[in-house]
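So the structure is just underneath, and the comments pick up after that.
FYI, side chains are in, hydrogens and waters are out, and symmetry mates aren't considered; it's all heavy atoms of this structure. Each chain gets a letter, A, B and so on, in the order the sequences are listed, and its residues count up from 1. Values in this document were obtained by computation on a predicted structure and should not be read as measured data.
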2 protein chains.
Amino acid sequence: MSDFDLERFLPYLLNQAAEATSRSFNDIYRKAYGMTRTQWRVLAHLGRFGALTARQICDRTATEKTKVSRAVSSLEIEGWLARSPSPHDGRAEILTLTPEGQGVYADLGQQAKRYDAALRAELGPELTTELDGLLRRLIAKGGTDGAAQD
Amino acid sequence: MSDFDLERFLPYLLNQAAEATSRSFNDIYRKAYGMTRTQWRVLAHLGRFGALTARQICDRTATEKTKVSRAVSSLEIEGWLARSPSPHDGRAEILTLTPEGQGVYADLGQQAKRYDAALRAELGPELTTELDGLLRRLIAKGGTDGAAQD
DNA sequence: GATAGATAGTTGCATTTGCAACCAAGTCAA
DNA sequence: TTGACTTGGTTGCAAATGCAACTATCTATC
């Protein structure tokens, strides 16, 4: 008997906090645009950084390539994303948002900013910057391997 | 264009930190015992708190009841969990770990404790308690609604 | 005590995921 | 240039998940 307490386990706490804080925002992009979380991430990254390849998105978001691949397909089908061949690498494709996709990004980005501000307001400015720092340290430490499961 | 930056979005940061920190521990219970995350959670709760109903586990872990239901079935099939009828409520079942299940809990619990200690050691004691507090506030605030999405 | 909700838990089905295998293009060395 | 290896991306299949519908029991209230 190890008397291990899951409720004090840092990965568990982080996961619970992640789920608790993302719950209602999930509903927003899911109900308004029928988007999955991966789709939202891909769209947000392209909206923010412009043209990227799928691989770059994988690296930046630590997401499996199959997940990104499928998210890209569906975003393309929705008409929010366009592919063009990379001039430097015949295997890669440059991904960009269409004007419609940029509209979606603008809408959801606004809502996300408000949502984030509300969350941070509850903790206060000093604590949230502290929290950011802690989370980044944990993320950095986790390494750049595979991806996630929920 | 909202210039929203996903990398500063608290739910995203939390999720990334959760994934980064749980990645390698996932491998442990997955490879050693073929367990899924939900199964591990159910087992850990029963190991720690003794007899619980599925509903109590749902509430404590903010997990959907279907997920818990299936995890309970598989743990039972593995021989790590036993059900007995609740004396008070004909619908509910009291769940407990078998001796074998307790052995698995003891093993994984030990490893989890070491894993957790290593994580916390990197941040130092004051920061980890601070982090705990912040996470608990975020979890509490998230409400007791549904469950998770991934 | 009968009837209208609530609640514990399971099941079916569609969607999402993870992993391994795969294809095509790039790299590097001999 | 050819052959071994890496890398960007897709696909197939098995497993995990989410949601709605369902059964069975419980709790009211009349």
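Atoms NZ (Lys67(A)) and P (dG8(D)) sit 19 Å apart, rounded to a whole Å. The distance between atom CG of Leu75(A) and atom P of dT10(D), rounded to the nearest whole Å, is 12 Å. Per the geometry, CD belonging to Gln56(A) stands 8 Å off P belonging to dG9(D), to the nearest Å. Note: CD1 (Ile77(B)) to P (dA15(D)) measures 13 Å, nearest angstrom. Following rounding to the nearest Å, Asp89(B) (CG) and dA6(C) (P) show an atom-to-atom distance of 17 Å. The CD1 atom of Ile94(B) sits 16 Å away from the P atom of dT25(D) (whole-angstrom rounding). Whole-Å rounding puts the Glu93(B) CD to dA24(D) P distance at 14 Å. To the nearest angstrom, C1' of dC23(C) lies 11 Å from NZ of Lys65(A).
The backbone N or O of Gly124(A) sits less than 3.5 Å from a side-chain atom of Thr128(A), completing a donor-acceptor pair.
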Between the protein and nucleotides 3-7 of chain D, list the N/O to N/O atom pairs that are separated by less than 3.5 angstrom.
unit_1	atom_1	unit_2	atom_2	d
dT7(D)	O2	Arg91(A)	NH1	2.5

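Mapping Asp27(A) and Ser73(A) onto DNA chain D by nearest heavy atom places Ser73(A) at the nucleotide closer to the 5' end. Closest-nucleotide positions on DNA chain C for Thr36(A) and His88(A) were compared, and the one nearer the 5' end corresponds to Thr36(A). Residue-to-nucleotide proximity on DNA chain D shows that, of Ala92(A) and Thr66(A), the 5′-proximal contact is made by Ala92(A).
A cation-pi arrangement is present between Arg60(A) and Phe49(A), with the terminal nitrogen or guanidinium carbon under 6.0 Å from the aromatic centre and inside a 45° cone about the axis.
The side-chain contact (heavy atoms from CB on, under 4.5 Å) test with Arg120(A) singles out one residue from Asp132(A), Leu131(A), Leu127(A), and that residue is Asp132(A).
To the nearest 0.5 angstrom, Tyr105(B) atom OH is 10.0 Å from Leu46(B) atom CG. From Lys67(B), atom NZ reaches atom CD1 of Ile57(B) across 13.5 Å, with rounding to the nearest 0.5 Å.
At dT10(C), one or more side-chain N or O atoms of Arg83(B) fall inside 4.0 Å of OP1 or OP2 (strictly under the cut-off). Between Ser69(A) and dG9(D) there is no side-chain N or O to OP1 or OP2 distance below 4.0 Å.
Between Phe4(B) and Trp40(A), the ring center distance clears the sub-6.0 Å criterion.
The 12-atom threshold is exceeded at CZ of Arg136(B), counting heavy atoms of other residues, nucleotides or ligands nearer than 6.0 Å.
Donor-acceptor pairing under 3.5 Å, judged by distance alone, is present between the side chain of Arg70(B) and the base of dG12(C).
Checked against dG18(D), dT10(C), dT10(D), the side chain of Glu64(B) finds its nearest nucleotide in dG18(D).
Counting any heavy atom pair closer than 4.0 Å across all strands shown, Thr53(B) reaches sugar-phosphate atoms only and no base atom.
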